[in-house]
Amino acid sequence: MEVLKPVDLVGDKVVWLDTRYIPWKEVWKETTDYKEVARAIKDMEVRGAPAIGVAAAFGMALAALHYEGEDVEGLLRRLREAKEVLANTRPTAVNLFWALERVMKRAEEATRSGSAEAVREAVVEEARKIQQEDIESNVKMGKIGAKLIEDGDVVLTHCNTGSLATAGYGTALGVIRAAWEEGKRIEVIATETRPLDQGARLTVWELKRDGIPVKLIADTMVGYLMSKGKVDKVFLGADRILLSGHFANKIGTYQIAVLAKHHGVPFYVVAPTSTVDPKITLDELVIEERDPDEVRRCPYPFEKVYVTVRDVEVYNPAFDVTPPELVTAIITERGIAYPPFYVSLKKLLEG
Ligand SMILES: CSC[C@@H](O)[C@@H](O)C(=O)COP(=O)(O)O
């Protein structure tokens with residue numbers, strides 16, 4: 001099974017796959033400038049909660065590696081500037097902020113050595129560690145979650161949670177991949193995920209490459225298929241999970257959860273513990289609003305084609321929030337959390 005690293009640090013450059021072109025072509029880009037990494041996150045060339053965390057960490061590595069000077073204070077100032085620019089890209093997925101905090105903390109600790117070189121090394125090492133941990137937690141979640149999938153299951157997934165959303169194997173797609181590798185004959189139903197079609201473009205592309213049977217549906221078809229008994233389980237990802245069990249994920253998740261509850265379909269969330277945010281409450285959760293033209297037009301690279309009247313007013317929230325009573329369980333690399341989530345998630349975070 002081929003696993004892509006959608007973003008990587010190669011020498012003194014960040015290299016990434018521009019996912020906006022998938023499935024039409026594989027366009028790889030590179031830069032030595034952390035501001036360009038921030039732009040790539042904002043424009044969703046690199047996307048998916050864990051992947052933008054890794055990209056942000058590598059952005060910090062670029063800021064350190066390309067700081068010309070040997071004064072530790074100057075380097076720290078540059079890192080703080082970079083952190084600000086990288087944080088100001090997308091507000092909802094917590095992994096981004098979690099990764100930036102981690103790298104900054106490590107840089108501050110390394111200043112004790114008094115050498116800029118030691119700070120640079122520490123920043124690069126921490127960023128690589130974040131990537132490596134993400135790859136490892138994908139594999140662990142896959143093994144843990146695959147136990148919940150039975151031979152013959154039809155699994156519905158939403159958005160993209162695979163190699164193009166993480167540092168490697170995938171979160172929900174990692175579970176699906178692991179079940180398939182264990183020999184379970186499963187079938188996946190992928191929602192197209194309007195307006196940017198991450199399901200139709202990215203998830204279908206990844207599953208086809210792996211030879212895992214997949215059927216694509218429009219987002220409007222979920223209720224009908226569930227009412228006909230065509231979906232056995234739902235597995236999808238998360239961008240931020242609160243201790244209450246409320247979680248933000250790609251727009252459309254909430255309606256799938258309501259339908260799953262109504263039809264008695266188990267609904268599983270798969271995310272690393274870095275996606276759990278113990279610090280904020282529901283009122284503080286920021287849902288990203290994106291360019292209205294994303295709804296009026298086709299996704300990139302066909303963005304010149306409008307599907308509606310050009311000046312129609314639109315809503316374009318990129319995420320929605322699903323309440324805990326609709327969630328069967330949350331699968332993390334440290335184990336499975338069952339309701340009540342404020343107890344089970346807390347335990348996993350402490351462990
Ligand atoms: C594995 S990340 C969580 C996903 O389910 C999904 O919401 C996501 O990838 C975020 O989408 P994005 O394409 O970055 O807007």
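Ligands are counted one by one from 1 in listed order, and the atoms in each one are counted from 1 as well. Position 1 is the first residue of the sequence, and the numbers go up from there.
Classification of Glu45 and Arg47 as a salt-bridged pair fails, no side-chain N sitting under 4.0 Å from a carboxylate O. A salt bridge does not link Lys105 to Glu108: none of the charged side-chain nitrogens sits closer than 4.0 Å to a carboxylate oxygen. No salt bridge links Lys279 with Glu284; every basic N to acidic carboxylate O contact stays at or beyond 4.0 Å. A salt bridge between Glu192 and Arg201 is absent, with no side-chain N of the basic residue lying under 4.0 Å from a carboxylate O of the acidic one.
For the pair Cys159 and ligand 1, a heavy-atom separation below 4.0 Å is found. Using a non-hydrogen distance threshold of 4.0 Å, Thr161 registers as a contact of ligand 1.
Of all protein heavy atoms, the one closest to atom 8 (C) of ligand 1 is Arg47 NH2, 3.5 Å. Protein heavy atom closest to atom 5 (O) of ligand 1, with residue, atom name and distance, is Asn249 OD1, 2.6 Å.
Under 4.0 angstrom from ligand 1, the non-hydrogen atoms of Asn160 all belong to its backbone. Under 4.0 Å from ligand 1, not a single heavy atom of His158 appears. Contacts between Ala271 and ligand 1, counted as non-hydrogen atom pairs separated by less than 4.0 Å, are absent for every part of the residue.
Counting the atoms of ligand 1 from 1 in the order shown, those under 4.0 Å from a heavy atom of Arg90 are 12 (P), 14 (O), 15 (O). Against a heavy-atom cut-off of under 4.0 Å, Thr171 is close to the following atoms of ligand 1: 1 (C). Atom numbering of ligand 1 starts at 1 in the shown order; those under 4.0 Å from a heavy atom of Lys250 are 7 (O), 11 (O), 12 (P), 15 (O). Set against the non-hydrogen atoms of Ala49, the atoms of ligand 1 under 4.0 Å away are 2 (S). Taking every heavy atom of Gln198 and a limit of under 4.0 angstrom, the matching atoms of ligand 1 come to 12 (P), 13 (O), 15 (O). With ligand atoms numbered from 1 in the order given, ligand 1 contributes 3 (C), 4 (C), 6 (C), 7 (O), 8 (C), 10 (C) to contacts under 4.0 Å with heavy atoms of Asp239. Annotation for ligand 1: atoms under 4.0 Å from non-hydrogen atoms of Gly237 are 5 (O). Residue Met44 approaches ligand 1 through these ligand atoms, each under 4.0 Å from one of its heavy atoms: 12 (P), 13 (O), 15 (O).
In this structure, Phe302 has its ring center closer than 6.0 angstrom to the ring center of Trp24. Annotation: Phe235 is not in aromatic contact with Phe267 [ring centroid separation under 6.0 Å not met].
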Inset, instruction - Could you walk me through whether Arg297 and Glu303 pass salt bridge (Lys or Arg N to Asp or Glu O under 4.0 Å), step by step? - result: CA-CA 6 Å; Arg297 304 179 307 201; Glu303 82 285 4; over 6 Å; no
Inset, instruction - Applying salt bridge (Lys or Arg N to Asp or Glu O under 4.0 Å), run through Glu125 and Arg106 and close with a yes or a no. - result: CA-CA 9 Å; Glu125 196 183 285; Arg106 183 72 197 278; 3.0 Å; yes
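Where the criterion is an N or O separation shorter than 3.5 Å, residue side chain and backbone included, Ala165 fails it with respect to ligand 1.
Between Phe319 and Asn249 there is no side-chain heavy-atom pair separated by less than 4.5 Å. Annotation: side chain of Asp71 is not in contact with side chain of Leu75 (no heavy-atom distance under 4.5 Å).
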